[in-house]
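In the text below, chain A, chain B and the rest are named by the order of the sequence lines, each starting its count at 1.
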Protein chains: 2
Amino acid sequence: MTNTTLKLLAQQLQLSISTVSRALKDHPDISAKTKAKVNALAQSMDYEPNAYAIQLRMQSSKIFGVIVPAISNLFYDSFIAAVEEESRRNGYALMILQSSHNPENELNNLKIFRQNRVSGVFACLSTSAENLDVYHKMNEREIPVVFFDIVPKDNTFTKVRMADERCGVIAAENIIKRNAKKVLAIFGDPGLSISQNRKISFQNFMHNFSPKTHVNYINANSSNEAEEIFKKHYSKAVKFDTVFCMTDEILIGVMKAIQALQIKVPAEVGVISISNGFIPNLYHPVISYVETSGFQLGKLAFVQMMANMQTGKTVNELTVDATFIEGGSM
Amino acid sequence: MTNTTLKLLAQQLQLSISTVSRALKDHPDISAKTKAKVNALAQSMDYEPNAYAIQLRMQSSKIFGVIVPAISNLFYDSFIAAVEEESRRNGYALMILQSSHNPENELNNLKIFRQNRVSGVFACLSTSAENLDVYHKMNEREIPVVFFDIVPKDNTFTKVRMADERCGVIAAENIIKRNAKKVLAIFGDPGLSISQNRKISFQNFMHNFSPKTHVNYINANSSNEAEEIFKKHYSKAVKFDTVFCMTDEILIGVMKAIQALQIKVPAEVGVISISNGFIPNLYHPVISYVETSGFQLGKLAFVQMMANMQTGKTVNELTVDATFIEGGSM
DNA sequence: TAAATAATAACAAACGTTTGCGATAAATTT
DNA sequence: AAATTTATCGCAAACGTTTGTTATTATTTA
């Protein structure tokens, strides 16, 4: 069965296509009687306007593109959920593609976006250092790009991200408050600016406010690695009394080690992490964490997108602030 | 800056639009020399075909719609990841919308899909008993619908789902193997067919093979509820020695109770669950589980979609089999 | 009553493609 | 050399909308 079109409706009603079109949009030129007839038939033939024809005519698509490294991810999926929610409220649909941390995929995805004339794109870089030509071209074409999470250094772009520095500081504050003597701090991929920001701010704060607290700084790229690191360091003579986990991945590894070693939290070891809250709530006691919400970031990104579309080109870097969520692990 | 079009290329090259179009698609009617010129200019002006114009002309959209209750979900996000992966390999893009378990949203989403003339839709019902008219209409319009996870009873539709009965049986088998005397079995929302299938098969198997094993059947709708249930039942005189968790949610609650009560797993209580594996791997020992992979389900759904599109209408119900993954909790 | 105005609806072009068909010139065959 | 085939390319219609302009009435005004 073929789709209902304006032409079909027009034929049935012995009206012109334009009249039908205007009637459907409640145009003042059309009489109430005609409008009623048109609407009735449209309803019964369940007419749905062809979005493609509309876009072709209107030159605007009501679709946003979203690129994430992976959809199946605690952080990104909540980001997507937020953007989807807002988009739908504003009459937009989403086209979501994943880069799998591969710049080549990212390029292909952008091509698809351009072919579909998306009204804007939310992009998370697949790697930190990357060729940004495509994005510059998008800007030239007046397709707003809002970068999130992993963003380029280039300041000609609009970016939103978590307040990573604040995260580091807040974590450090709470560690100091606990009166920690020796802490194990595990950070993520040192190649990412996120890691850098969090680490440096953490380090500075620690150093200034509690210079005598001994901190071991280590990097881990997987939860397994974090688990091993924890076990290795915990076997030393002078045990650390606090562990700081920069990511959920790291926290997972650490918690496995803690359970395996049957360590009491927070009595023997205090645990603090940076997270959106899902993982910390899986344990008893609930792990205290500095909240970085993908959901909030999504909301912010959307606001920026809309601002960009209206004001032409507001270039900006906005951050969503971090807050400390008290669990029972400190 | 305006987008590059065939017309623009044609003007620059002093050729007709049709020639440019054919050159770009390597049509035999066009000379090698012309093709070269056209391709060169297209490249330098980085021409991208307008997907909307193409769809309008071709009456087919290369886009699939996906409806999930929530994107931010351990199961659905892996389903989406799989579908996205396959779609991209086959030149399709995805339009993902979430119903938030609300039939009204589901309807709106379907409307958006129709407006965008998607080539097919992957749908997860927001509630079990639901008006299927819209879906019937899609079938009439020859838009293939593949239901997944939460599927309608109606057999005129194509459905893919986990082998829920097998899940129940496998879980029961392993509980019997453990020689359990008293078990606490916590199931999810009794309104969903998933819960029913898993519960009935579990119950039957238990009853036939180990009629003397005492089983408490309880429903829980959230992890908090599961935690309370566990605590309440564990305080009784004759303690259960094994707990079965139908969902990740339930497992999470149970594990919080276990940690709070400092119960030894598997010595004091054996734990088994149904999961895609993420949550079970967060604990030490790793929880044994019957695997239900959203990723695999996604792959299967895609295969079905393609089959449907080619053969016209293959109506079928396919299931992805379940396997037992040994952790250390039994 | 004639003229002007308001109300209603139709015409037609445009958005960017694809593609059947026709046109032209060159190359080949008789 | 005339006739036919082959190689290239252009014309024009169609896909389903939106919208500026024009045409037709009916209504009001002078």
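Residue A/Leu6 has its side chain nearest to D/dT17 when only D/dC11, C/dA10, D/dT17 are considered. The side chain of B/Lys7 sits closest to C/dC15 out of D/dG10, D/dT19, C/dC15. Of the candidates D/dT8, C/dT17, D/dG10, the closest approach to any side-chain atom of B/Tyr47 belongs to C/dT17. Nearest to the side chain of A/Gln59, among C/dC15, D/dA12, C/dT8, sits C/dC15. Closest to the side chain of A/Arg22, out of D/dT19, D/dT17, D/dC11, is D/dT19. Side-chain atoms of B/Ser31 lie closest to D/dC9 of the nucleotides C/dA9, D/dC9, C/dT17. Side chain of B/Ser18, nearest nucleotide from D/dG16, C/dA10, D/dA12: D/dA12. For B/Asp29, taking side-chain heavy atoms from C-beta onward, the closest of the listed nucleotides C/dT17, D/dC9, C/dA10 is D/dC9. Closest to the B/Thr19 side chain, of the nucleotides D/dT8, D/dG10, C/dA10, is D/dG10.
In this structure, A/Gln55 atom CD and C/dC15 atom C1' are separated by 9 Å, rounded to whole Å. Rounded to whole angstrom, the span from the CG atom of A/Leu15 across to the C1' atom of C/dC11 amounts to 14 Å. Atom pair B/Leu13:CG and D/dT8:C1' shows a separation of 15 Å (rounding to whole Å applied). B/Asn50 has its CG atom 16 Å from the P atom of D/dG16, to the nearest Å. Residue A/Ile54 contributes atom CD1, which lies 16 Å from atom P of C/dG16 at whole-angstrom precision. Protein atom CG of B/Leu56 is 13 Å distant from nucleotide atom P of C/dT19, rounded to whole Å. Atom NZ of A/Lys35 is separated from atom C1' of C/dA7 by 12 Å (rounded to the nearest Å). In this structure, the CG atom of B/Asn3 is 14 Å from the C1' atom of C/dT17, given to the nearest Å.
Screening B/Asp149, B/Asn316, B/Leu300, B/Val320 for a side-chain contact (heavy atoms from CB on, under 4.5 Å) with B/Val160, the sole residue that qualifies is B/Leu300.
Side-chain N/O atoms of B/Asn102 and B/Ser100 include no donor and acceptor closer than 3.5 Å. Side-chain contact annotation: A/Ser21 with A/Ser18, donor-acceptor N/O pair under 3.5 Å absent. With 3.5 Å as the limit, one finds a donor-acceptor pair spanning the side chains of B/Ser31 and B/Thr34.
Taking side-chain N and O atoms only, B/Thr34 has no distance below 4.0 Å to OP1 or OP2 of D/dT8.
Ionic pairing of A/Glu140 and A/Lys137 is not present here: no N-O contact between side-chain nitrogen and carboxylate oxygen is shorter than 4.0 angstrom.
When heavy atoms are screened at a 4.0 angstrom cut-off, A/Gln14 is found touching the sugar-phosphate backbone but no base atom. A/Thr5 comes within contact range of the sugar-phosphate backbone alone, with a heavy-atom separation under 4.0 Å but no base atom that close.
In this structure, A/Phe64 has its ring center under 6.0 Å from that of A/Phe122.
Two residues, B/Val20 and A/Pro49, neighbour DNA chain D, and the one matched to the more 5' nucleotide by heavy-atom proximity is B/Val20. Take the nearest nucleotide of DNA chain D for B/Ser16 and for A/Tyr52: the residue whose nucleotide is more 5' is B/Ser16.
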